[in-house]
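Heads up, the thing below is written out as structure tokens.
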Amino acid sequence: MKTSVAIIGAGPAGLSLALLLHQAGIPCLILERHSRAYVESRVRAGLLEQNTVDLFTELGVAGRLRREGLEHFGVILSFEGERLRIPFDELTGGRHITIYGQQEVVKDLVAACLERQIEIRFEAKAWELHRIETEAPYIQYIQDGTRKSLACDFIAACDGFHGIGRKFLPPGSYIDYQTSYPFSWLGILAETAPSSEELIYTFHEEGFALHSLRSDAISRFYLQVDNTEKLEDWDDSRIWESLEKRLFTPGFKLQTGRILEKSITPVRSYMTGTMQSGRLFLAGDAAHIVPPTGGKGLNLAVADIRWLAKAMIAFYKSGDEQKLRSYSQDCLRRIWRVQDFSHFMTQLFHRIGERESLEYRLQRSKFDYLKISRAYQTSLAENYVGLKEI
Ligand code: FAS
Ligand code: PHB
């Protein structure tokens, strides 16, 4: 079996790449280790930058997103109960974000791929990559207990942080940058009306919390927890009590309800110094992880794909290999910017030091400066909604 571009992973990165290549008439095929039901049910991100929505619109897959997605023109930052609203649209010439669950994005992209006869082989686990330094690489994968091969011109490893793509970059060919924060995020999806029309990021001496939403009947919350904590340490009442405390401000009423889903995700930064070797290209979480505080993971994956699709299309249409050669540095400009912004938001809102520690004083100072500086608010706003170009 041969295709032009073999894509590993049916997440936002792999699916978007397949749709862009198909739109340009370039054959591709996706190998996905899990079932369709599994990938469409994973509850993860929810914040889409305008660039991401624009890409999905260009691909003709944004119909439901535009009907059901929630456009937000501002965000609320809170520090020990003091609220500050950042009006994105005023500060960035009208740019804004859309709240729409990642599982809904994946459902829309999978449906579009299947409608357009883009082949996705579910429950097909890529196992080994071969001859990536030649013009005829191939993937060995396992499906239905049988080892199979897929020959191709290019391998796009869109297989996430725990995928195999990174493992096949030549040892010593790249620098690993990484840091783990001393806390994780406990995320819940709750059957309750949002307690605020906009997202609220809050610093509290007990820890960070985030109020997000999915619809007028579903809310999404996150709590900072220690890395040693497990889901069983957090029953529903403890979760609601903590959210109540951390989101408190006079007049605020937290709406509670049935918790539909719970997960704990470590907060970390990771990235490789290069995202390619020969005919192997990495995109999305396969190449980088950012702290979720900036709501960037999915958006960064889609930003990589814009570059990768452009490079592959140039190769197939005119034999031009320049964009393939510059793929990593084209992506890395935005990735470093997003790493820095995500680190800034993480440092600002999570409990790191004790009260009156240096860390706490610096956090307090940042928030006080945000309150008085339009320039500082504009910097935060343009990074939060996503830079148009970088
Ligand atoms: P993905 O991980 O989404 O997709 C990779 C795909 O490759 C998966 O379907 C996997 O099954 C498949 N795969 C892996 N190995 C394979 C193999 N060997 N063969 C075949 N297929 C293989 N980002 C935010 O912005 N905000 C959030 O709140 C947020 N919360 C998150 C919570 C969790 C629990 C996790 C894990 C991530 C979260 N993220 C969040 C980040 C997340 O949204 C990612 O950035 C986004 O999924 C990246 O998309 P992809 O790069 O496509 O990777
Ligand atoms: C979400 O709604 O899942 C979400 C929103 C903003 C973030 C992280 C997650 O920074």
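Source: prediction; values computed, not measured. Note that the numbering runs from 1 along the sequence shown for the chain. Each ligand, and each atom within it, is numbered from 1 in the order the structure gives.
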Pairs satisfying salt bridge (Lys or Arg N to Asp or Glu O under 4.0 Å), at least one member in residues 8-17, at least two apart: none
Listed once per pair and sorted, the salt bridge (Lys or Arg N to Asp or Glu O under 4.0 Å) pairs that draw on residues 149-170, sequence neighbours left out: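 Residue pairs passing salt bridge (Lys or Arg N to Asp or Glu O under 4.0 Å), neighbours aside: K2-D153.
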Within the 6.0 Å centroid threshold, strictly below: Y327 and F281: yes
Geometric cation-pi criterion, R83 with F252: 6.0 Å, 45°: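 R83 over F252 ring: yes.
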CG (D216) with more than 12 external heavy atoms under 6.0 Å: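 Atom CG in D216 is not crowded, with 12 or fewer foreign heavy atoms closer than 6.0 Å.
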Other residues, nucleotides, ligands: >12 heavy atoms within 6.0 Å of K371 NZ: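 Yes, NZ of K371 has more than 12 neighbouring heavy atoms, counting only those of other groups under 6.0 Å.
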Can you produce the list of protein nitrogen or oxygen atoms under 3.5 Å from a nitrogen or oxygen of ligand 2, alongside each distance?
| unit_1 | atom_1 | unit_2 | atom_2 | d |
| --- | --- | --- | --- | --- |
| ligand 2 | 2 (O) | S212 | OG | 2.6 |
| ligand 2 | 2 (O) | R214 | NH1 | 2.9 |
| ligand 2 | 2 (O) | R214 | NH2 | 3.3 |
| ligand 2 | 3 (O) | G46 | N | 3.3 |
| ligand 2 | 3 (O) | R214 | NH2 | 2.8 |
| ligand 2 | 3 (O) | Y222 | OH | 2.6 |
| ligand 2 | 10 (O) | Y201 | OH | 2.8 |
| ligand 2 | 10 (O) | P292 | O | 3.0 |
| ligand 2 | 10 (O) | T293 | O | 3.0 |
| ligand 2 | 10 (O) | G295 | N | 3.1 |

NZ/NE/NH1/NH2 to OD/OE distance under 4.0 Å, R238 and E229: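 Answer for the salt bridge query: yes.
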Distance dump, ligand 1 polar atoms to protein, N/O, under 3.5 Å:
| unit_1 | atom_1 | unit_2 | atom_2 | d |
| --- | --- | --- | --- | --- |
| ligand 1 | 2 (O) | R44 | NH1 | 3.1 |
| ligand 1 | 3 (O) | R44 | NH1 | 2.8 |
| ligand 1 | 9 (O) | E32 | OE1 | 2.7 |
| ligand 1 | 9 (O) | E32 | OE2 | 3.4 |
| ligand 1 | 9 (O) | R42 | NH1 | 3.3 |
| ligand 1 | 9 (O) | R42 | NH2 | 2.7 |
| ligand 1 | 11 (O) | E32 | OE2 | 2.7 |
| ligand 1 | 18 (N) | A126 | O | 3.1 |
| ligand 1 | 19 (N) | A126 | N | 2.9 |
| ligand 1 | 21 (N) | R33 | N | 3.0 |
| ligand 1 | 25 (O) | K296 | N | 3.2 |
| ligand 1 | 25 (O) | G297 | N | 3.0 |
| ligand 1 | 28 (O) | Y222 | OH | 3.2 |
| ligand 1 | 43 (O) | Q102 | OE1 | 2.6 |
| ligand 1 | 45 (O) | D285 | OD1 | 2.9 |
| ligand 1 | 45 (O) | D285 | OD2 | 3.4 |
| ligand 1 | 45 (O) | G297 | O | 3.3 |
| ligand 1 | 45 (O) | L298 | N | 3.2 |
| ligand 1 | 47 (O) | R44 | NH1 | 3.0 |
| ligand 1 | 47 (O) | Q102 | NE2 | 2.9 |
| ligand 1 | 51 (O) | D285 | N | 2.9 |
| ligand 1 | 52 (O) | P12 | N | 3.2 |
| ligand 1 | 52 (O) | A13 | N | 2.9 |

Donor on one side chain, acceptor on other, S328 and Q276, under 3.5 Å: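 A donor-acceptor contact under 3.5 Å links the two side chains.
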Passing option when Y181 is tested against Q347, H350, H343 for side-chain hydrogen bond (donor to acceptor under 3.5 Å, both in side chains):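 In the set Q347, H350, H343, the residue that makes a side-chain hydrogen bond (donor to acceptor under 3.5 Å, both in side chains) with Y181 is H343.
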